[in-house]
Amino acid sequence: MTTSSLPALSDIPEQAVPGVLRIENSDKDATTPIIMDMLRSVYPHEQIFGEYCPVQAYIDAPPREVYEYLADTRSLEEWTYSLRGFVETDEPGLWLAYDRLGSETEIFTRTVANPDAMTVDYHCAWDQGQHLWMIYLLRVVDAQLVFHKPGSVVLWVNCKHPFYDDNPYPESAPPNRPVWVGDFWEMFSAGHQLEMDNLKAICEYRAAHGLPIKPDWMK
């Protein structure tokens with residue numbers, strides 16, 4: 001199965017949302033110094049690291065619309081740094097794309113969403129779609145409840161599954177791939193913040209310009 005580019009961000013003029021970093025406009029070599037500059041040798045005591053990677057942001061856009069956007073797996077084509085070419089597999093709800101951080105690495109994703117709680121969990125894995133052990137936990141909160149102002153708060157947490165340290169399915173990996181997803185764990189906090197900043201910029205642009213947060217190409 002092959003994947004191709006989707007019409008991601010086709011409703012937004014090029015360069016209209018400054019600061020969005022995607023692999024198309026900032027390759028890995030150009031982005032690595034940005035990531036490294038976001039890392040610090042000493043972190044504030046209240047910031048949690050280790051086995052957890054939390055990032056969060058306020059987004060000036062309606063929470064229900066932000067939730068519905070995130071709940072569609074294809075949104076990852078737009079706001080993530082390197083996941084591209086989503087196509088649904090023969091198994092309903094299971095999507096295949098490529099993580100361009102890993103060259104020819106296939107990534108499989110199933111989205112588990114709860115509209116009442118506005119939670120969106122991406123169950124993912126590199127190389128194979130039978131055991132989706134990489135879990136990205138997101139929750140959209142009505143900012144009126146927590147900040148007493150319109151908008152959304154998005155909370156995102158990853159847990160360090162032991163498979164990040166050791167590839168459990170080496171036979172599924174493409175030959176001669178030099179990296180494993182766990183090699184990037186120490187950069188997750190900065191990398192996920194970069195992607196959260198992308199999400200914020202995209203949603204706020206659409207909200208400010210009267211565009212649907214979930215674009216027409218995804219409907």
Side-chain angles (χ1 to χ4, degrees), residues 1-11 20 22-23 52-57 59 61-102 105-142 152-161 163-164 169 172 181 184 188 191-203 206 212-219:
M1 179 182 292
T2 60
T3 68
S4 58
S5 296
L6 299 178
L9 303 182
S10 56
D11 61 320
V20 173
R22 304 172 82 241
I23 204 162
Y52 305 92
C53 178
V55 294
Q56 51 278 322
I59 298 177
R64 181 58 57 180
E65 293 184 38
V66 173
Y67 161 78
E68 291 173 355
Y69 174 64
L70 290 171
D72 192 313
T73 305
R74 294 170 296 174
S75 71
L76 296 168
E77 182 89 13
E78 295 195 330
W79 64 270
T80 68
Y81 175 68
S82 60
L83 306 188
R84 297 294 182 266
F86 282 85
V87 293
E88 194 166 15
T89 68
D90 294 336
E91 184 178 335
L94 182 65
W95 292 76
L96 167 65
Y98 283 98
D99 190 339
R100 291 175 59 183
L101 278 179
T105 292
E106 293 181 332
I107 185 168
F108 293 84
T109 303
R110 180 180 297 280
T111 301
V112 180
N114 184 320
D116 294 326
M118 290 199 295
T119 58
V120 179
D121 300 339
Y122 300 118
H123 295 233
C124 308
W126 274 17
D127 304 331
Q128 52 78 39
Q130 288 71 51
H131 185 184
L132 304 179
W133 58 270
M134 298 163 53
I135 314 296
Y136 299 74
L137 307 169
L138 288 82
R139 182 181 180 187
V140 181
V141 180
D142 188 339
S152 308
V153 172
V154 178
L155 310 174
W156 174 8
V157 177
N158 272 64
C159 301
K160 190 181 182 186
H161 193 287
F163 290 172
Y164 280 115
Y169 301 102
S172 300
V181 63
F184 301 106
F188 268 32
H192 288 181
Q193 188 62 59
L194 181 153
E195 292 181 319
M196 182 69 87
D197 292 345
N198 286 349
L199 176 66
K200 175 180 173 70
I202 292 166
C203 291
R206 287 180 172 145
I213 304 301
K214 183 175 178 177
D216 289 341
W217 72 265
M218 288 171 56
K219 296 180 180 178

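Note: hydrogens, waters and symmetry copies are ignored here, and every other heavy atom, side chains too, is used.
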Arg84 meets the salt bridge (Lys or Arg N to Asp or Glu O under 4.0 Å) criterion, sequence neighbours left out, with Glu24
Please identify each residue that fulfils salt bridge (Lys or Arg N to Asp or Glu O under 4.0 Å) with Asp121, with sequence neighbours left out.
->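 Testing Asp121 for salt bridge (Lys or Arg N to Asp or Glu O under 4.0 Å), a comparison that skips the adjacent residues, returns none.
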Can we call the ring centroids of His123 and Phe108 under 6.0 Å apart?
->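 Centroid separation for His123 and Phe108: 6.0 Å or greater.
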Sequence neighbours excluded, the answer for side-chain contact (heavy atoms from CB on, under 4.5 Å) partners of Asp216 is Pro212, Lys219
Who pairs with Val87 by side-chain contact (heavy atoms from CB on, under 4.5 Å), at least two apart in sequence or on another chain?
->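 Applying side-chain contact (heavy atoms from CB on, under 4.5 Å) to Val87 gives Met1, Thr3, Leu96.
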Residues in ring-ring contact (aromatic ring centres under 6.0 Å, His included) with [X], at least two apart?
| X | value |
| --- | --- |
| Trp95 | none |
| Tyr81 | none |
| Phe188 | Tyr164, Trp185, His192 |

Under the side chain to side chain donor-acceptor pair (under 3.5 Å) test, which residues partner [X], sequence neighbours left out?
| X | value |
| --- | --- |
| Asp197 | Gln193 |
| Asp72 | Arg74, Lys214 |
| Arg110 | Glu91 |
| Tyr69 | Glu78 |

Any salt bridge (charged side-chain N to carboxylate O under 4.0 Å, His left out) involving residues 125-140? Give me the pairs, sequence neighbours left out, ordered by first then second residue.
-> Asp127-Arg177
Give, for atom OG of Ser75 and atom CG of Leu199, the distance between the pair rounded to the nearest 0.5 Å.
-> 7.5 Å
Looking at Ser152 and Pro62, what are the two nearest heavy atoms and their distance?
->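 Closest pair (atom of Ser152, atom of Pro62, distance): OG-C, 3.4 Å.
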